[in-house]
Student: 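For reference, the structure I am asking about is given below.
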Amino acid sequence: MNETVSPFIRCSLLYLEFDFGSPIRSLIEAGFGAYKRSDVRLYYGARNLKRMAYQDRFENWASSGVKVVPVLSQPDDGWTGEHGYVQAAFARAKIIF
């Protein structure tokens, strides 16, 4: 397959909530050319880390070019990462297309 990525695409974003994880997981693990883009992020929403599936795969996904941004709606007190709704975390990132 000959995949060409537009030089104008600087950021590709994926959105995942717990109930719909399998299709996105399959896409990432099948390889969709994330390494050809400069910034691919998966904003992954869950209630807390205990309910966040696939954590054991995040390192592999990162090595394939997908940065996972966990977003917890009810994090523990020690959580310093993104929190609230996934779409709000995305908005805070102030990504300009």
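Remember, predicted model here, so these are calculated numbers, not experimental data.
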Student: Over all heavy atoms of both residues, which pair between Val71 and Ala89 is shortest? Give the atoms and the distance, please.
Tutor: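 The pair with the smallest heavy-atom distance is CG2-CB, 3.7 Å.
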Student: Report the residues that fulfil side chain to side chain contact (heavy atoms under 4.5 Å, CB included) with Arg47, sequence neighbours left out, ordered by chain and then residue number.
Tutor: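 Arg47 satisfies side chain to side chain contact (heavy atoms under 4.5 Å, CB included) with Arg51, Ser73, Gln74 only.
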Student: Give every residue pair that meets the salt bridge (charged side-chain N to carboxylate O under 4.0 Å, His left out) criterion with at least one member in residues 66-78, sequence neighbours excluded.
Tutor: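 Of all non-adjacent pairs touching residues 66-78, none passes salt bridge (charged side-chain N to carboxylate O under 4.0 Å, His left out).
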Student: First locate atom OH of Tyr54, then atom CD1 of Ile28, and finally report the distance between them rounded to the nearest 0.5 Å.
Tutor: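 Reported to 0.5 Å precision, the distance equals 10.0 Å.
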Student: Go through the structure and list residues passing side chain to side chain contact (heavy atoms under 4.5 Å, CB included) with Ala88, not counting sequence neighbours.
Tutor: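 For Ala88 the side chain to side chain contact (heavy atoms under 4.5 Å, CB included) partners, ignoring immediate neighbours, are Tyr85, Arg92.
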Student: Does any part of the side chain of Met52, heavy atoms only, come nearer than 4.5 Å to the side chain of Phe58, both counted from C-beta?
Tutor: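 Side chain of Phe58 against side chain of Met52, heavy atoms only: contact under 4.5 Å found.
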Student: Below 30° counts as parallel, above 60° as perpendicular, anything between as tilted: where do the rings of Tyr43 and Phe90 land?
Tutor: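 The rings of Tyr43 and Phe90 stand perpendicular, inter-plane angle above 60°.
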Student: Start with the C-alpha distance between Asn48 and Trp79, add both sets of side-chain angles, then the distance that settles side chain to side chain contact (heavy atoms under 4.5 Å, CB included), and finish with yes or no.
Tutor: CA-CA 9 Å; Asn48 54 47; Trp79 178 253; over 6 Å; no
Student: side-chain hydrogen bond (donor to acceptor under 3.5 Å, both in side chains) with Gln55: which residues, sequence neighbours excluded?
Tutor: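 Applying side-chain hydrogen bond (donor to acceptor under 3.5 Å, both in side chains) to Gln55 gives none.
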